[in-house]
Amino acid sequence: MLVVIARKEFLMLLRDGRVTWSAAILAVMLLAALVTAGVRYQAIAGERVRAQAVVDQQWREQGEKNPHAAAHYGLYAFKPVTPLSFFDTGINNFTGVSIWLEAHKQNMAEGEPARDSTAISRFGELTVAFTLQTLLPLLVILLTFAAFVGEREQGTLRQTLSMGVSPRTLLFGKALGAALALTVFLGPVLICGLIVLLIVPGGVHLIGHALVLTVLYAVYAAVFLFLTLAVSAVADSTRTALVVMVGFWAVTNFVLPKVAADFAVRLQPTPTLVAFQKALADDMANGLNGVSPDTLIAQRREQTLKLYKVETLEKLPINFQGVVFSLQEQMGNAVFDKHFGMLANVMAAQTRVYEIFSLMSPRLATSLASMQLSGTSLNDHEDYVRQAELFRRAMIDKMNQAITFKSGPNQSEYRAGPALWAQIGGFEYHPPSFGVVIARIASNLTVLLLWLVAAVTAAVLAVRQLRVMVS
Amino acid sequence: MAQRTFRIAFALEWTLVLRNRAIWAVLILLVALAGLAAVNGHERVAAMRMLVAGLNRDEVQTQTALKGSVARWEASRQGEPPTVANPGTVGFSLLSHYAALPPMPLAALAVGQSDVLPSYYRVTANPTYTFLAAGEISNPLNALSGSFDFAFVIVFILPIVIVAITFDLVSREKEMGVIGLVAASGASLTRVILAKAAARGVILAAALVLITLEALTLGVDGPPDVLAGLLWFVAVTVYAVFWFVLALAVNSTNRPSVTNGVILANIWLVLVVVTPAFIGTAANALYPAPSRVALTTEMREAAEEADKAAASSREAYFFDHPELAGKGANPDGFYVQVLATNAAVERAVSPLLTEFDDQARKREGIVAALKFLSPALLVDNALTVLAGTDGVRFSGFVRQVVEFHRFWRQFFETRIVDGTDMTARSFDQIPTFQYQSNDNSLIAVSLPLAALALLASILLMVAMRRLARYPVV
């Protein structure tokens with residue numbers, strides 16, 4: 001019986017002009033977004049790799065220099081992109097793409113693409129993920145809003161139930177039919193997407209991510225499918241069913257993410273750049289824990305003299321300026337860790353507000369997980385920033401070690417060469433492993449599954465007392 | 001007779017509207033969301049104003065301290081002048097000046113581009129690219145979601161509200177058999193439909209007035225800008241009329257209510273979501289921003305070259321600035337070298353920066369033309385222009401900052417090259433930034449709004465013609 005109902009529903013949907021047109025538009029948009037993504041990935045990925053190579057070469061070929069001058073010259077760490085980052089661009093338009101790694105300073109990432117685009121891009125970008133998140137649920141609503149209430153208005157619901165079909169069988173049959181129709185419409189796009197992923201360089205490793213993404217969006221569609229069926233079962237007319245579901249879609253898709261953004265800032269204000277830099281500069285000047293940098297340096301001088309059992313710095317077998325540089329770097333790093341750590345905590349608290357709001361909006365849960373799987377989430381950006389900073393610290397440390405142990409008493413005359421520069425490898429970003437990504441989306445997936453359970457329960461409860469007559 | 005038909009139909013529909021709980025629910029939701037957006041905007045702008053007011057407080061303190069130590073030395077003239085009298089030290093590292101873009105009176109009503117483009121820059125004597133790249137700290141997730149501002153309520157939500165209370169204006173009557181009765185009574189069908197539309201229009205207009213009052217009282221504070229406020233209301237009204245007439249036009253095609261709903265939802269989707277996303281993607285594809293990444297590496301290359309050729313770049317510098325080379329120039333000083341190196345790097349990267357500007361202008365041009373494809377874009381643009389948070393105002397601000405930077409740098413540059421120290425008096429002559437408002441919002445928004453009004457009138461005419469021939473059965 002289930003199969004018969006599904007088959008009937010499936011055929012009806014395929015023959016409904018409204019549905020096929022909407023589905024065709026969605027499929028074309030998805031394909032267009034897919035092609036755009038592929039083209040942009042090819043262009044940008046190569047550019048980042050080339051830029052990193054150029055910068056690494058500039059570093060290696062900077063000539064003979066004092067290591068501290070080299071540390072000031074520094075390097076850039078570019079943020080690499082993955083094929084999936086064009087499936088869902090996530091926050092990538094709003095984060096910098098390069099960090100300057102230099103002595104004494106933890107710089108922020110610069111070059112946000114959003115600053116080079118027009119206001120129009122704030123309406124959303126035509127990515128596959130955006131299309132799936134906004135238009136897929138609307139298609140699902142159009143497929144199913146009339147499922148029960150339409151049949152009731154036509155009088156066929158009465159006949160079907162009089163044949164002894166259980167309402168629950170009817171529910172799942174209709175769901176299955178709609179799911180089949182969706183598969184027919186969107187299956188080809190999915191296959192195209194997977195083929196594109198296999199073709200582009202670096203895509204093969206992301207097949208696992210892509211499959212989880214497929215499941216994610218399938219669950220997202222299922223949430224809307226069962227919610228719409230539930231509403232269709234209890235609505236007094238098709239127009240009520242339509243208005244309620246379109247309203248739900250508009251509010252959860254467009255209103256709640258923005259309200260979440262405002263709540264996040266309200267509950268946990270982001271410091272302004274001015275305030276952040278001032279607090280950082282104050283700690284830099286005065287030192288943490290109330291011990292000034294000058295005091296610390298003086299202490300270290302005494303310790304070093306004692307350690308080597310000499311009276312003056314000139315008699316030390318090492319260069320004390322190198323020790324001072326290292327000490328300054330350590331003090332600076334502690335200050336950076338404190339302030340950037342506080343900033344990261346603010347961002348994390350704001351992200352939690354989004355997670356709370358995702359209890360009210362399945363789109364938020366889906367988009368948060370989608371960004372993680374596509375490597376375009378806030379976590380991914382923080383990973384990049386953290387790895388770049390660790391690279392910077394290792395690089396500066398190497399330079400300071402060279403000054404301490406190799407430069408002798410006349411530090412400013414000392415010159416190092418390519419041998420030292422070559423000890424600093426090029427910056428390489430390591431994306432989180434598949435397991436880490438899954439762990440990160442666990443909470444989002446849980447929320448989405450809760451939505452699914454709630455939607456299915458609502459639908460099952462709604463058909464339990466299915467009215468057959470128009471009231 | 002005709003007038004009486006209208007009056008009676010209006011009175012009946014009015015009673016129905018007042019008793020329709022769905023309409024009340026939708027309108028109350030609109031008013032509540034608008035209030036929330038207004039309060040949100042108010043807090044955002046208040047924070048912004050406070051920030052702008054306090055920006056230069058520290059700098060004034062530093063400046064006063066520097067001036068004090070120079071003045072103390074001037075009083076005694078004992079020993080060498082203090083290092084803080086060196087114009088290079090002051091202009092390149094000790095002192096900076098925040099150039100800020102003050103918010104406009106209606107800023108609370110539309111976030112526009114203000115959450116991704118900086119409203120202030122820290123100007124130093126270093127080249128502009130060293131400080132123009134800096135941006136305000138923000139959570140990228142917030143920028144991605146965008147703010148829940150009043151403009152969003154208007155552009156996104158208002159159409160849904162209008163569609164929700166008008167999509168079955170005529171079709172419902174037909175489905176309930178009222179149309180037939182009216183026709184049988186001999187009354188003019190068009191008049192009855194117009195009266196019904198008028199009743200819903202009146203309650204909608206009341207809601208619009210209410211939310212505008214909310215915007216002006218809860219959102220905006222400070223001196224009112226009457227013209228901008230008026231234009232704002234006009235923009236909102238024209239947009240509302242467009243959607244109202246559109247619903248009427250869809251109704252006039254004689255389809256079932258549900259089909260009307262599906263059609264209007266799809267039109268909303270296409271005009272408000274799909275077209276803007278499509279145009280944005282197209283503009284970026286046609287005129288992509290040159291790569292910031294390439295800029296970074298080229299800048300480095302140029303700096304490297306300039307450093308290596310420090311001596312020759314110094315000569316080139318005086319070749320470009322013959323007026324500075326003459327009088328007792330101090331071409332060997334450290335800061336002269338810095339100036340020369342900076343000038344060389346600027347020369348090298350200026351073609352790339354110009355390309356950035358050109359592409360940006362072309363993108364803005366194409367978007368300005370294509371915004372006519374979607375009333376949502378058109379009205380969103382008008383609202384952000386009136387709020388002073390549109391991209392064009394921000395790029396104008398950047399141009400003023402670049403211009404100001406020239407004055408600021410010149411102030412220190414002439415002293416560095418001449419080898420003259422800063423005097424206590426000269427600290428008072430350091431230029432300060434004053435934003436020059438070139439407000440032309442009236443021109444910028446009236447044409448698009450007139451175009452939208454024209455479109456609405458054409459739709460209305462089409463709808464009226466079709467309604468006049470509306471089939472009764």
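Residue numbers begin at 1 in each chain, while the letters A, B, ... track the order of the sequences. Heavy-atom basis, side chains included; hydrogens, waters and symmetry copies ignored.
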Quiz item: Heavy-atom distance under 4.5 Å between the side chains of B/Thr297 and A/Tyr76, does that happen here?
Solution: no
Quiz item: For B/Arg44, is it the side chain, the backbone, both or neither that has a heavy atom under 4.5 Å from a heavy atom of chain A?
Solution: neither
Quiz item: What part of B/Glu301 gets closer than 4.5 Å to chain A, counting heavy atoms only: side chain, backbone, both or neither?
Solution: both
Quiz item: What part of B/Leu370 gets closer than 4.5 Å to chain A, counting heavy atoms only: side chain, backbone, both or neither?
Solution: neither
Exercise. Determine, for B/Phe394 and A/Arg115, whether the Lys NZ or Arg CZ falls below 6.0 Å from the six-membered ring centre while staying within 45 degrees of the axis.
Key: no
Self-check item: Engaged part of B/Ile366 at the chain A interface, taking heavy atoms whose separation is under 4.5 Å
Solution: neither
Exercise. Can you label the angle between the B/Phe156 ring and the A/Phe123 ring as parallel, tilted or perpendicular, going by 30° and 60°?
Key: parallel
Quiz prompt | Inter-residue atom distance B/Tyr121.OH - A/Leu273.CG, 0.5 Å rounding | solution = 12.0 Å
Quiz item: chain A heavy atoms under 4.5 Å from B/Pro256: which part of the residue, side chain, backbone, both or neither?
Solution: neither
Self-check item: Segment of A/Phe78 engaging chain B (4.5 angstrom heavy-atom cut-off)
Solution: side chain
Quiz item: Who among A/Asn93, A/Val97, A/Val255, A/Val265 has the most heavy-atom pairs with chain B under 4.5 Å?
Solution: A/Val255
Self-check item: Between A/Ile25, A/Leu126, A/Val346, the one whose heavy-atom pairs under 4.5 Å with chain B are most numerous
Solution: A/Leu126
Quiz item: At a heavy-atom separation under 4.5 Å, does B/Asp58 approach chain A through its side chain, its backbone, both, or neither?
Solution: side chain
Quiz item: Between A/Pro271, A/Ser367, A/Ala250, which has the largest tally of heavy atom pairs under 4.5 Å with chain B?
Solution: A/Pro271
Exercise. Go through the atoms of B/Ala360 and report whether side chain, backbone, both or neither lie under 4.5 Å from a heavy atom of chain A.
Key: neither
Self-check item: Contact origin within B/Thr389 toward chain A - heavy atom pairs under 4.5 Å
Solution: neither
Practice problem: Could you tell me which portion of B/Leu141 (side chain, backbone, both or neither) has an atom closer than 4.5 angstrom to a non-hydrogen atom of chain A? | Solution: both
Quiz prompt | Contact origin within B/Leu55 toward chain A - heavy atom pairs under 4.5 Å | solution = side chain
Quiz item: At a heavy-atom separation under 4.5 Å, does B/Ser147 approach chain A through its side chain, its backbone, both, or neither?
Solution: both
